[in-house]
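Presented below is the structure to which this report refers.
Each chain gets a letter, A, B and so on, in the order the sequences are listed, and its residues count up from 1.
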2 protein chains.
Amino acid sequence: MTDAQERNRRVTAADVARAAGVSRSAVSRAFTPEAYLDADKRRAILQVADELGYRPNAIGAALQGASSNLVAIVVGDTPSPFDKEVATALAAGLNAAGKYPIMIGGSQAVSRAAVSDVLRYPLDAMILRTGSLSPDFADACGKLGIPLISSGRIMDRPLVDNVCVQNEAGMEMITDLLLSRGHKAFGFIGGPSGFGSAGRRRAGMMQSLAKAGLDLTAEVTGDYTVQSGFKAVEALLAQAPVDAILCANDAMAIGAISGLRQRGLRVPEDVAVTGFDDVEMAGWPEYRLTTVRNPINDMVAAIVDLLEARINAPRRAGETRWLTPEVILRETH
Amino acid sequence: MTDAQERNRRVTAADVARAAGVSRSAVSRAFTPEAYLDADKRRAILQVADELGYRPNAIGAALQGASSNLVAIVVGDTPSPFDKEVATALAAGLNAAGKYPIMIGGSQAVSRAAVSDVLRYPLDAMILRTGSLSPDFADACGKLGIPLISSGRIMDRPLVDNVCVQNEAGMEMITDLLLSRGHKAFGFIGGPSGFGSAGRRRAGMMQSLAKAGLDLTAEVTGDYTVQSGFKAVEALLAQAPVDAILCANDAMAIGAISGLRQRGLRVPEDVAVTGFDDVEMAGWPEYRLTTVRNPINDMVAAIVDLLEARINAPRRAGETRWLTPEVILRETH
DNA sequence: CTGTTAGCGCATTCAA
DNA sequence: TTGAATGCGCTAACAG
């Protein structure tokens with residue numbers, strides 16, 4: 001049994017060097033493909049390293065100046081189905097790019113503290129998927145040299161990169177679709193005003209309606225949850241009868257469909273319903289929701305791309321990537 | 001402008017010491033609550049540190065022997081809704097405990113490579129939420145001194161901790177419920193054989209059925225997805241008519257409900273359906289699924305608890321925590 | 001109470 | 001091609 005095992009200590013390059021009868025530098029070189037090292041020697045060292053279960057400690061390397069490959073992802077406190085899909089896809093995409101995503105979430109208080117503490121790590125970047133974050137926070141990141149990438153919401157700050165779907169265009173497209181089907185009395189279930197996306201989506205709808213010479217018939221604000229969509233139906237119908245309900249996201253649309261059915265109304269025969277995001281559940285047989293796709297794969301690709309660009313050029317100007325939405329035709333329009 | 005900012009370098013304790021006119025150790029002490037340091041001096045140092053945007057670099061501290069506070073979470077390649085809920089809750093729970101979860105996921109190939117590479121970090125622990133992982137992998141963790149916590153599946157290895165819901169008991173409870181309602185012809189939609197949970201759940205059901213002197217009427221194996229539950233209905237009914245369908249998880253139960261409705265069958269009047277896990281969607285108005293709760297909060301609490309216990313006593317024997325399932329009565333039984 | 005010193009594991013420079 | 005020496009940022013032991 002080796003010394004390292006006896007002491008229950010992690011095996012280090014020095015242990016491998018001792019066991020293989022070479023210098024510590026040789027071990028380091030064995031794990032650096034482009035370093036000069038006799039091929040046989042390298043093989044022998046890697047052999048010994050494998051037997052001992054040695055892997056270079058990333059912490060030592062990071063201290064040396066290497067990239068930490070650590071990336072924080074901050075999600076909101078009550079993640080919607082869409083947020084969860086994004087988090088999963090983002091983690092996979094970062095893994096594929098050789099990065100390690102640290103998830104920050106939980107209640108407002110917990111995540112605020114965690115976000116602040118995670119800055120103690122020399123992160124490659126911080127990815128924001130949450131609505132509001134105090135502006136002095138961006139300064140803190142700047143001082144620490146940690147790049148910020150905002151997704152789903154534009155942060156208009158010097159070195160910050162942004163990735164966002166074209167909310168207005170997407171909502172215009174789906175509003176036009178309903179218009180083309182002859183709908184005239186539109187209800188809207190909007191999102192919380194704190195979210196930038198909610199306002200942009202509403203604006204896109206209003207734009208289309210205005211072009212058609214129509215006004216909104218009824219409007220209710222939800223909180224992006226299924227439950228709020230369900231309850232919004234009653235409030236909406238109390239304002240005026242409608243023949244189409246546009247929702248600012250899929251979760252509320254799903255709730256609205258149930259709310260309508262419970263009142264004996266058929267979707268889409270009596271009232272059409274549309275969503276935004278195209279979450280997995282939108283395609284489930286009970287819903288078959290007509291919606292606007294917020295392309296997660298494109299989002300992940302753009303984030304990974306911006307991340308790599310910024311690592312290569314830390315001082316480059318902030319860039320904004322706009323994702324193209326797409327109308328998904330199913331059976332609720 | 002300070003030297004550190006000019007060079008776009010992270011501010012270090014040395015920078016703060018220079019700016020505050022104290023020694024580096026004093027700066028270190030200022031950030032260590034229990035260290036001896038004149039109160040005024042500490043205040044002054046923290047003041048300067050704040051202005052400079054300094055935070056102790058966790059990498060340096062970790063190298064020093066401090067815990068890295070980094071914990072890897074490995075999820076499967078095609079996470080179900082339940083997996084996503086677990087991942088979100090686990091991340092939040094770890095954050096609250098001052099730990100930073102690194103998510104590992106994506107395709108089989110990507111996550112295999114990522115899992116191997118992430119071991120370069122001196123992780124506090126690795127949490128496994130995925131089905132199969134080669135056994136030599138546990139050895140690798142052992143050699144590196146990285147504790148393993150397996151959730152949802154028992155890993156019977158010396159120092160490995162486990163957290164798992166009582167699958168058999170849960171399934172027995174819900175089978176008994178259907179039995180007490182007078183159901184006689186049972187169909188079962190099972191999970192993939194690679195998952196330990198699928199077999200245990202089936203066993204619990206068979207146990208209850210045997211006690212009642214009944215046998216299974218029809219059986220189909222799905223892959224834990226909604227789609228597979230939907231398609232399983234046809235195969236099941238082709239075998240024999242049933243008046244109750246038990247499913248090994250909620251996603252398949254949700255699919256089965258839709259499959260039944262599409263064939264003009266009413267749930268639960270014609271056929272009862274039950275699930276397992278109690279995901280968020282199980283409570284949605286279109287489903288109102290009667291199911292067995294797999295208690296996520298308890299799971300997270302147990303994992304955090306085991307993690308802390310193991311950090312305090314790295315050589316303690318592996319412990320298994322059994323979570324208590326609970327039948328959730330809704331409207332499909 | 002405080003400054004000086006050593007060493008964590010590593011990659012890399014320098015000198016051979 | 002190789003080994004010895006250096007320093008990354010930090011904490012803790014030591015000496016004052």
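- Atoms CZ (A:Arg10) and P (C:dG9) sit 10 Å apart, rounded to a whole Å.
- Rounded to whole angstrom, the span from the CG atom of B:Leu123 across to the P atom of C:dG9 amounts to 16 Å.
- Remark on DNA chain D: of its neighbouring residues A:Ala26 and A:Gly60, the 5'-side contact belongs to A:Ala26, judged by nearest-heavy-atom nucleotide.
- Going from atom CZ of B:Arg42 over to atom P of C:dG3 covers 13 Å, rounded to whole Å.
- Between A:Tyr121 atom OH and D:dC8 atom C1' there is a gap of 18 Å when expressed in whole angstrom units.
- With C:dT12, C:dT4, D:dC10 as the candidates, the nucleotide lying closest to the side chain of B:Ser23 is C:dT4.
- Residue contacts for B:Ile59: at a heavy-atom cut-off of 4.0 Å it reaches no nucleic acid atom on any strand shown.
- With hydrogens and angles ignored, a donor-acceptor pair under 3.5 angstrom links the side chain of A:Arg29 to the base of C:dT13.
- Phosphate contact (OP1/OP2 of D:dT2, side-chain N/O of A:Lys41, threshold under 4.0 Å): present.
- Regarding B:Ile45, its CD1 atom lies at a distance of 13 Å from the P atom of D:dT11, rounded to whole Å.
- Taking 4.0 angstrom as the limit, B:Ser28 places a side-chain polar atom (N or O) nearer than this to OP1 or OP2 of D:dT11.
- Checked against a 6.0 Å centroid threshold, the rings of A:Tyr100 and A:Tyr121 do not count as neighbours.
- Neither side chain, A:Arg24 nor A:Thr12, offers a donor N or O lying under 3.5 Å from an acceptor on the other.
- Electrostatic pairing of B:Arg157 and B:Asp139 counts as a salt bridge here, judged by a charged N lying under 4.0 Å from a carboxylate O.
- Side chain of B:Arg24, nearest nucleotide from C:dG9, C:dC10, C:dT5: C:dT5.
- Closest-nucleotide positions on DNA chain C for B:Leu37 and B:Gly65 were compared, and the one nearer the 5' end corresponds to B:Leu37.
- Taking only side-chain atoms of B:Leu63, from C-beta outward, the nucleotide of C:dG3, D:dT11, C:dG9 with the closest atom is C:dG9.
- In this structure, A:Tyr54 reaches the sugar-phosphate backbone alone: every heavy-atom distance under 4.0 Å involves primed, P, OP1 or OP2 atoms, never a base.
- Between the CG atom of B:Leu119 and the P atom of C:dG9 there is a distance of 17 Å, given to the nearest Å.
- Atom P of nucleotide D:dT2 and atom CG of A:Asp40 are separated by 10 Å, given to the nearest angstrom.
- In this structure, of D:dT11, D:dA4, D:dG9, it is D:dG9 that holds the atom nearest to the side chain of B:Thr12.
- In this structure the side chain of B:Arg153 never reaches within 4.5 angstrom of the side chain of B:Leu128, judged on heavy atoms.
- Between B:Tyr36 and A:Ser25, the residue anchored closer to the 5' end of DNA chain C is B:Tyr36, taking for each the nucleotide with the nearest heavy atom.
- In this structure, A:Ser116 contributes its side chain and A:Arg112 its backbone to no donor-acceptor pair below 3.5 Å.
- Between the CZ atom of B:Arg55 and the C1' atom of D:dG9 there is a distance of 17 Å, rounded to whole Å.
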